[in-house]
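Data first, discussion second: the structure below is written as structure tokens.
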Amino acid sequence: MRVIVAMMVLAAPAMAQEDLRIDLTKVHVSDPAACEALEEKGVDAWLDMDFLSLTFTGGIQSMEFHCNFYDVKGREGGTHLFVDAICELPGEIYPDILAVTPYSENQIQVVSGADATLAAAGALQATEDMALPGATIYTRCDNLSEIPVD
């Protein structure tokens, strides 16, 4: 009996995690403070802050980096997404594959195949902003469905 109760307790967080869904209609940002900054300043928010924004129609954007999403796939009833992207830095362009999963009720985790490969090769070190090497946590901006442009 104790074994069954222990298994139920251990399985409870996993079952709760499955209930989380990704809102594909909202803006997600790597710095939660950017939600308010984007609402107040629109695209000028990047002049004051260094953050990434993600929309499933526009991809990932920042001042000097962007990834255009070409295909976003999910499974019926699943919580994970598979994204094909082309990413650019100044003077550099590369294909990427992203795995997107719910991280919490209002956060998603995005794992870059390119960054995970660099991390495995020792060329990219984890930071406090990364849940694991190659991963970025984005917070959903419930106040925004698009980035305001003045």
Side-chain angles (χ1 to χ4, degrees), residues 10-11 13-150:
L10 292 174
M15 285 188 276
Q17 185 75 3
E18 291 177 19
D19 294 333
L20 298 175
R21 296 283 180 223
I22 299 170
D23 189 339
L24 301 176
T25 67
K26 296 291 186 181
V27 174
H28 295 78
V29 293
S30 60
D31 181 342
C35 291
E36 187 176 325
L38 283 169
E39 184 175 31
E40 292 175 5
K41 298 179 180 183
V43 295
D44 289 338
W46 277 282
L47 299 174
D48 297 332
M49 298 179 68
D50 184 23
F51 65 95
L52 299 169
S53 69
L54 179 151
T55 63
F56 288 94
T57 55
I60 300 173
Q61 308 293 324
S62 75
M63 283 297 284
E64 294 189 5
F65 171 78
H66 69 272
C67 284
N68 293 316
F69 290 1
Y70 286 89
D71 196 14
V72 178
K73 295 178 184 176
R75 289 188 129 171
E76 184 70 33
T79 59
H80 298 66
L81 298 173
F82 182 84
V83 179
D84 289 322
I86 295 178
C87 302
E88 292 185 65
L89 288 162
E92 184 179 337
I93 185 169
Y94 59 94
D96 205 349
I97 296 171
L98 308 172
V100 183
T101 61
Y103 190 75
S104 70
E105 189 173 311
N106 69 339
Q107 293 179 312
I108 58 175
Q109 175 177 260
V110 178
V111 180
S112 159
D115 288 350
T117 301
L118 289 171
L124 178 68
Q125 299 298 317
T127 66
E128 65 182 48
D129 296 337
M130 291 184 185
L132 59 115
T136 304
I137 303 298
Y138 290 84
T139 300
R140 183 181 65 232
C141 295
D142 288 326
N143 57 329
L144 299 170
S145 59
E146 61 183 36
I147 297 172
V149 179
D150 293 334

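The existence of a salt bridge linking R21 and D23 is excluded, since no basic side-chain nitrogen approaches an acidic carboxylate oxygen closer than 4.0 Å.
Ring pair F56/H28 is perpendicular by interplanar angle, where above 60° counts as perpendicular and below 30° as parallel.
When all heavy atoms are compared, the tightest approach of N68 to G58 is OD1-O, 4.0 Å. Between F65 and C87 the shortest heavy-atom distance is CE1-CB, 4.1 Å. In terms of heavy atoms, D96 sits closest to A114 at OD1-N, 2.9 Å. C35 and N143 get closest at one heavy-atom pair: O-ND2, 3.6 Å. Of all heavy-atom pairs spanning L98 and S112, the tightest one is CD2-CA, 3.6 Å. Residue E105 comes nearest to R140 through the heavy atom pair O-NH1, 3.1 Å, listed as atom of the first residue, atom of the second, then distance.
Taking a 6.0 Å sphere around CG of D48, one finds it holds more than 12 heavy atoms contributed by other residues, nucleotides or ligands. Summarising the local packing, CD of E88 is surrounded by more than 12 heavy atoms from other residues, nucleotides or ligands at distances under 6.0 Å. The local environment of CD in E64 is sparse, with at most 12 non-hydrogen atoms from other residues, nucleotides or ligands closer than 6.0 Å.
The shortest side-chain heavy-atom distance between L144 and E39 falls under the 4.5 Å cut-off. By the 4.5 Å heavy-atom criterion applied to side chains, F69 and I60 are counted as neighbours. Looking at heavy atoms from C-beta onward, I108 lies out of side-chain contact with L81 at the 4.5 angstrom threshold. Counting heavy atoms from C-beta outward, T79 and L20 have side chains that stay 4.5 Å or more apart. Counting heavy atoms from C-beta outward, D84 and I97 have side chains that approach closer than 4.5 Å.
Note that NZ of K41 and CG of L47 are 8.5 Å apart. Values are rounded to the nearest 0.5 Å. One finds the CD atom of Q107 at 4.0 Å from the OG1 atom of T139 (value rounded to the nearest 0.5 Å). Interatomic distance, OH of Y138 versus OG1 of T55, reported as 10.5 Å (0.5 Å rounding). We find the OG-CH2 distance between S62 and W46 to be 8.0 Å, quoted to the nearest 0.5 Å. Atom CD1 of I22 sits about 10.5 Å away from atom CD of Q109, to the nearest 0.5 Å. Atom CE of residue M49 and atom OG of residue S30 lie 8.0 Å apart, to the nearest 0.5 angstrom.
Between the side chain of K73 and the backbone N or O of F82 there is no donor-acceptor pair closer than 3.5 Å.
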